[in-house]
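Let me begin by presenting the structure, written as structure tokens, before commenting on it.
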Amino acid sequence: MNYDKAIARFREIYRPTTREEVLREFARDDGTLGVYVHNPFCTTLCRFCYYKGVKFDPRRDSELYERYYGDYLPRVVAPFWPVIAAREVVSYFFGGGTPSLMRADTMRAVFRLFPDMAQAPSRTIEFHPAVWDERQLDVLAEFGFSCAIIGVQSFDQAVLARQNRPHVPVETVRALAAKLKERGIAVAVDLIYCMDPLDAGAIFAQDLHDLLSIDFDVVSLHHSYGDMRNDAHLEEFYGIIEDSSILEGYRWERAGSERYTGCHLPPREIKKCSRCVRLVAKTIDPDHYHTRLFPFINVMDEVSQSWRKPLEDRAVKSVLGFGSYRNPCKNTFSHIHRKDKVIEFIEVNNQWRPEYYVVYERHTREMFSRTAELLGRLNAVGEVPEGVKLHTLNKTRMTENDSIYRRPRLVVGLGLSWEGEDPRIHAFIDKIKHRFPNHREFVNGLQIGE
Ligand SMILES: C[S@@+](CC[C@H](N)C(=O)[O-])C[C@H]1O[C@@H](n2cnc3c(N)ncnc32)[C@H](O)[C@@H]1O
Ligand code: SF4
């Protein structure tokens with residue numbers, strides 16, 4: 001990819017800003033903070049991947065490696081030390097790309113960029129099962145890492161070969177998990193259903209079966225992001241999970257966790273909107289899970305796609321992201337969720353000089369005034385008859401969702417729902433449909449707004 005073109009496009013669609021503005025916005029924020037550190041390289045580029053790093057050969061690219069970890073990253077982190085010191089940091093997350101490409105000595109130097117890291121309740125890193133060594137595990141133990149996420153994706157050789165990803169036998173993953181657990185580090189595993197459609201169901205069922213021979217604490221079951229709209233696959237995905245014996249020892253992440261996730265819906269009902277479901281060992285206490293292992297679940301992506309409900313105090317509220325290098329697929333982002341506004345920045349590194357852009361800004365007052373305007377128009381239609389329920393629908397909608405050019409946009413709407421066949425209700429709904437020609441219809445429901 002020609003990254004200069006990407007920069008030109010960023011300048012067109014985003015608002016270029018300065019590090020000073022980012023610092024100022026963080027200075028006005030309070031509450032819990034999550035720190036994200038990006039590791040932008042990958043030894044092979046997996047076809048399915050939404051987070052691909054830049055292709056990297058450790059023998060040939062040592063200059064690039066030293067420049068990124070030894071110079072660029074320290075330079076982008078240092079100005080933010082006062083922000084980090086002033087805030088309650090509840091999570092450090094080292095993601096990628098492939099963070100386990102860092103040598104043990106590099107890991108040590110990178111972790112030391114955050115002098116207060118030991119005080120945070122949660123420290124997590126992503127591990128590629130084919131790219132790691134034991135010295136790294138000792139460094140993780142030295143820095144008190146709470147969790148490592150092993151990106152297994154699948155144990156099936158054929159699908160991994162088709163996806164240009166090295167195969168790692170289940171025994172190797174079992175050994176890696178055991179070594180992490182010996183060091184007091186919880187183990188999370190990533191599996192993907194349907195990286196491609198060939199034998200997708202059989203492969204996923206076998207992967208779940210193989211996984212059970214490993215001592216792990218959490219599994220993230222991803223439904224391949226590009227395949228989410230296939231209803232038959234969605235049914236198959238959930239069907240396989242429910243038919244597998246995994247639910248004997250593991251519970252749905254959201255079960256009993258409403259105060260952390262802000263979601264009261266059972267897994268079956270959220271399935272259409274969540275591309276990953278997580279299962280947690282029944283032996284793990286939900287508080288421990290949400291403070292030590294996965295306090296960042298609601299902020300793993302850029303500004304969330306739906307209106308975020310208030311979260312439990314101990315979960316990550318705002319995110320400060322560091323590090324990027326010509327990210328081919330996904331930008332490194334920071335976002336702030338204050339009462340008065342939500343703002344999202346990206347950090348861009350093309351020529352070793354960080355650039356910052358505002359990709360999204362939403363003022364709470366703007367949302368209220370647009371909702372009030374919509375309510376006024378609704379009111380003008382006439383009195384809402386008994387039996388009709390009204391609720392607000394505020395969403396952040398994306399254009400070009402799976403690319404570095406995501407453009408989040410606030411959508412303010414109202415939802416109406418009703419029961420029964422009362423003619424007064426139907427007359428009212430007909431008037432609404434006429435008055436709001438761009439409405440969307442559902443069974444006993446209607447949505448109006450932009
Ligand atoms: C940054 S990536 C992987 C980290 C590490 N480089 C590795 O390969 O294990 C984080 C996770 O996102 C998930 N993922 C990436 N692209 C995906 C896609 N298109 N569909 C579903 N899951 C995806 C994978 O499970 C992956 O482990
Ligand atoms: S899955 Fe991991 S190794 Fe593969 S391209 Fe994505 S980030 Fe890189």
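Remember, it's 1-based here, ligands and their atoms both numbered in the order they're listed. For clarity, every value in this text was computed on a predicted model and none was experimentally measured.
- A 4.5 Å side-chain heavy-atom check between F294 and C147 finds at least one atom pair inside the cut-off.
- Nearest to atom 7 (C) of ligand 1 among the protein's heavy atoms is R165 NH2, 3.7 Å.
- R165 NH1, 3.3 Å is the protein heavy atom nearest to atom 1 (S) of ligand 2.
- Between R326 and N349, the side chains place no donor N or O within less than 3.5 Å of an acceptor N or O (distance only, hydrogens not considered).
- R9 and E12 are joined by a salt bridge, as a carboxylate oxygen and a charged side-chain nitrogen come within less than 4.0 angstrom of each other.
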May I have the step-by-step check of ring pair (Phe, Tyr, Trp, His ring centres under 6.0 Å) for F322 and F80, ending in yes or no? CA-CA 10 Å; F322 294 112; F80 287 87; 5.4 Å; yes

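- When only non-hydrogen protein atoms are considered, atom 7 (S) of ligand 2 lies nearest to G97 O, 3.4 Å.
- In terms of protein heavy atoms, atom 5 (S) of ligand 2 is closest to C46 N, 3.3 Å.
- The shortest distance between side-chain heavy atoms of E25 and K341 falls below 4.5 Å.
- Counting only heavy atoms from C-beta outward, the side chains of Y69 and N39 approach each other to under 4.5 Å.
- Atom 25 (O) of ligand 1 has its closest protein heavy atom at Q153 OE1, 2.7 Å.
- Taking 4.5 Å as the limit, every side-chain heavy atom of P129 sits out of range of all side-chain heavy atoms of T172.
- Protein heavy atom closest to atom 2 (S) of ligand 1, with residue, atom name and distance, is Y51 CD1, 3.8 Å.
- A side-chain donor-acceptor contact under 3.5 Å links T32 to the backbone of K317.
- Contact annotation: the side chain of K330 approaches that of Y50 to within less than 4.5 Å [non-hydrogen atoms, C-beta and beyond].
- With a 4.0 Å heavy-atom cut-off, ligand 1 is reached by the backbone of H128 and by its side chain too.
- Summary of contacts: the protein heavy atom closest to atom 16 (N) of ligand 1 is Y50 N, 2.9 Å.
- Only the side chain of I192 comes within 4.0 Å of ligand 1, judged by heavy-atom distances.
- Some N or O of G97 is nearer than 3.5 Å to an N or O of ligand 1, by distance alone.
- Ligand 2 places these atoms under 4.0 Å from at least one heavy atom of H128: 3 (S).
- E126 places none of its side-chain heavy atoms less than 4.5 Å from the side chain of Y51.
- Listed by number with element, the atoms of ligand 2 under 4.0 Å from a non-hydrogen atom of F48 are 1 (S).
- Counting protein heavy atoms only, atom 11 (C) of ligand 1 is closest to D190 OD2, 3.3 Å.
- For the 3.5 Å distance criterion, the side chains of S154 and D207 qualify, holding a donor opposite an acceptor.
- Closest protein heavy atom to atom 6 (Fe) of ligand 2: C49 SG, 2.4 Å.
- Counting only heavy atoms of the protein, atom 19 (N) of ligand 1 lies nearest to F48 O, 2.7 Å.
- The shortest N/O to N/O separation between T98 and ligand 1 falls below 3.5 Å.
- For S224, the closest heavy-atom approach to ligand 1 falls below 4.0 Å.
- A heavy-atom distance below 4.5 Å is not found between the side chains of L140 and R183.
- Looking only at atom types and distance, the side chain of E347 has no donor-acceptor partner in the side chain of T332 under 3.5 Å away.
- In terms of protein heavy-atom proximity, atom 10 (C) of ligand 1 is nearest to E126 OE2, 3.6 Å.
- The shortest contact between atom 1 (C) of ligand 1 and any protein heavy atom is with G96 O, 3.0 Å.
- At least one N, O or S atom of C42, from either the backbone or the side chain, sits less than 2.8 Å from atom 8 (Fe) of ligand 2.
- Heavy atoms of G95 come nearer than 4.0 angstrom to ligand 1 in no pair at all.
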